[in-house]
2 protein chains.
Amino acid sequence: MNGVAMGIHERKEREKEQRKEEIIDAAQRIFFEKGLIASTMDEIAEAAELSKGTLYLYYSSKEDLYLAVMMRGMDTLHDMYEQIVNSDDSTVEKIIRCSNSYVDFFHSNRNFFRMFPFLQNPRFHKQVSEEMIKSCGLKNQKMWDMVIAMLKKGMEEGKLRSDLNPVEVGIIFWSSSTALLIREDSEGPAWKANLNIDFDHTLEVCNMLLMESILTDQGRKEYHALKKT
Amino acid sequence: MNGVAMGIHERKEREKEQRKEEIIDAAQRIFFEKGLIASTMDEIAEAAELSKGTLYLYYSSKEDLYLAVMMRGMDTLHDMYEQIVNSDDSTVEKIIRCSNSYVDFFHSNRNFFRMFPFLQNPRFHKQVSEEMIKSCGLKNQKMWDMVIAMLKKGMEEGKLRSDLNPVEVGIIFWSSSTALLIREDSEGPAWKANLNIDFDHTLEVCNMLLMESILTDQGRKEYHALKKT
DNA sequence: GTATGTAATAACTGACAGTCATTAAATGAA
DNA sequence: TTCATTTAATGACTGTCAGTTATTACATAC
């Protein structure tokens, strides 16, 4: 292989990546509109201006393609968290900002948010390639690591109760927020109409109740001061 | 119509109900084993020793049949809660027992529990008959009413903070418990292996943190006394 | 014993995920 | 420039499955 051949090889590699992105673009439009079940590979192929067979040269199943789209959402969320965690705010402030960001993400990226529960259905995973699962898990891991490190630091600073397990605290916050937002998405209007419940408010209350319990006296003082501003 | 004819009519009615139950029996076996997606109506028909066409005389779609099975699980859960709420335990005690019962239900009826998230996916609902949705919603409503009434009573008794909305408190407890149990089901072993997290313990911590925050001083005293026994 | 209504069937249809034999295009050597 | 070879793309095809429908079998009523 000479220099020219190498250049072609690299260009092809680049074009392949580009094609993969174009396919995700098309898939995103269709999945956002109709969800996983109602979207068909033929539709996505048409939207991508490719034949269906070609899609399978780049992604090994519909579910793989679905995950590829979802990963973009995870990237967005990851970047938001990274920015917060790496800021020079105090830990208490960071925790508050992380909670708020999750709600913001829900409101401004609802279509991505709706994809996340897919991961929780183990029965779907059988359709998904091992590679994609690993890639997804890695991204997830990175996000958790950041959050857990933040909580651990809060404990070392004496802001958070150090008799708690930071991993457990992370799971509790994340899970309860996610659950309330999923409910808001699927049943929000009904609860609003029947019992005048606003889920955004409910989530605030939930976080407030949990914060009250996980903070030390020192942390709680800071928390209340911050809430007033 | 004479008396004899009426008797036949009633018998037929009875047999029809019985057939419906037999179909649910068969569906339950298949759905438990393979989940919604991987189960086929042909399999269920074979398990019920009927033709597929006959299933559609009794249930209008696969999803309807799935919900019919799920409702059995909801009945079980409903009965557990009814018994607790109607007992003569104190309100604080009832709340604790409700939380524990939910975990018990998860462990002894995991196949039913796995069906519940189906309700949270709005995209599936299009396949389900209006009638079945209504029937399901009603059962749900009854459970919520019980729980909310219990919490309201706790506030009136001065055990729970009365500046909180009992509906919101109910949603928060229910959602966070559900979320943690779903996670336990799908990712439990992985978290146990990687970070030595036990979700049953995490859920206990979560409930403890929330309880600490929602109880009044009086309620908290009772709570701690009860926890020691 | 025959007409009528009801329960059940099984062959059929349409939709869709995924495959594969074939075609078209780009590349590189002669 | 020509032609062989590799790579990308196609679209017709297959198998599966939810849901339908024309037909059959049977119980009831007269």
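Here is how names work: the chains are called A, B, and so on, in the same order as the sequence lines, proteins then strands, and each is numbered from 1.
Using a 4.5 Å cut-off on side-chain heavy atoms (C-beta onward), A:E13 and A:Q18 make no contact.
With pairs defined as Watson-Crick or G-U wobble and both atom distances under 3.5 Å, the stems of at least three pairs that touch DNA chain D come out as C:1-30 with D:1-30.
Residue pairs meeting the salt bridge (charged side-chain N to carboxylate O under 4.0 Å, His left out) criterion with at least one partner in residues 51-63 of chain B, sequence neighbours excluded, are B:D42-B:K52. The stretch residues 111-121 of chain A participates, sequence neighbours left out, in these side-chain hydrogen bond (donor to acceptor under 3.5 Å, both in side chains) pairs: A:R114-A:D185. For the salt bridge (charged side-chain N to carboxylate O under 4.0 Å, His left out) condition, no pair includes a residue of residues 189-211 of chain A, sequence neighbours left out. For residues 26-39 of chain A, every residue pair satisfying the salt bridge (charged side-chain N to carboxylate O under 4.0 Å, His left out) rule, not counting sequence neighbours, is listed here: A:K34-A:E43. Within the structure, every pair that satisfies the salt bridge (charged side-chain N to carboxylate O under 4.0 Å, His left out) test and touches residues 137-150 of chain A, not counting sequence neighbours, is listed here: A:D75-A:K139. Listed by first and then second residue, the ring pair (Phe, Tyr, Trp, His ring centres under 6.0 Å) pairs that reach into residues 15-61 of chain A are A:F31-A:Y66, A:F32-A:F112, sequence neighbours excluded.
Evaluation of the side chain to side chain donor-acceptor pair (under 3.5 Å) rule for A:T91 yields A:E157 as partners, not counting sequence neighbours.
Straight-line distance from the CD atom of A:E15 to the P atom of D:dA8: 10 Å, rounded to whole Å. Between the OH atom of B:Y66 and the C1' atom of D:dG19 there is a distance of 20 Å, rounded to whole Å. Whole-Å rounding puts the A:E13 CD to D:dT7 C1' distance at 13 Å. If you take NZ of A:K20 and P of D:dA9, they are 13 Å apart, rounded to a whole angstrom. Atoms OH (B:Y59) and P (D:dT20) sit 17 Å apart, rounded to a whole Å. Here the C1' atom of nucleotide D:dA18 and the CG atom of B:L65 are 13 Å apart, to the nearest Å. Nucleotide C:dA7 holds its C1' atom 11 Å from the CD1 atom of B:I23, rounded to whole Å. B:R19 places its CZ atom 17 Å from the P atom of C:dT6, with the value rounded to the nearest Å.
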Seminar exercise, completed: Once base and sugar-phosphate atoms are separated, protein heavy atoms under 4.0 Å mark nucleotides 14-19 of chain C, 5' to 3', with B, S and - as --SBBB
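Using a 4.0 Å cut-off, no side-chain N or O of B:T54 falls inside it from OP1 or OP2 of C:dA8.
Nucleic acid contact for B:L50: sugar-phosphate only, since backbone atoms but no base atoms lie under 4.0 Å from a heavy atom of the residue.
For the residue pair B:L151 and B:P166, the shortest heavy atom distance occurs at CD1-O, 3.4 Å.
Listed nucleotides D:dA8, D:dA9, C:dA10 differ in distance to A:Y58; the shortest reach to its side chain belongs to D:dA9.
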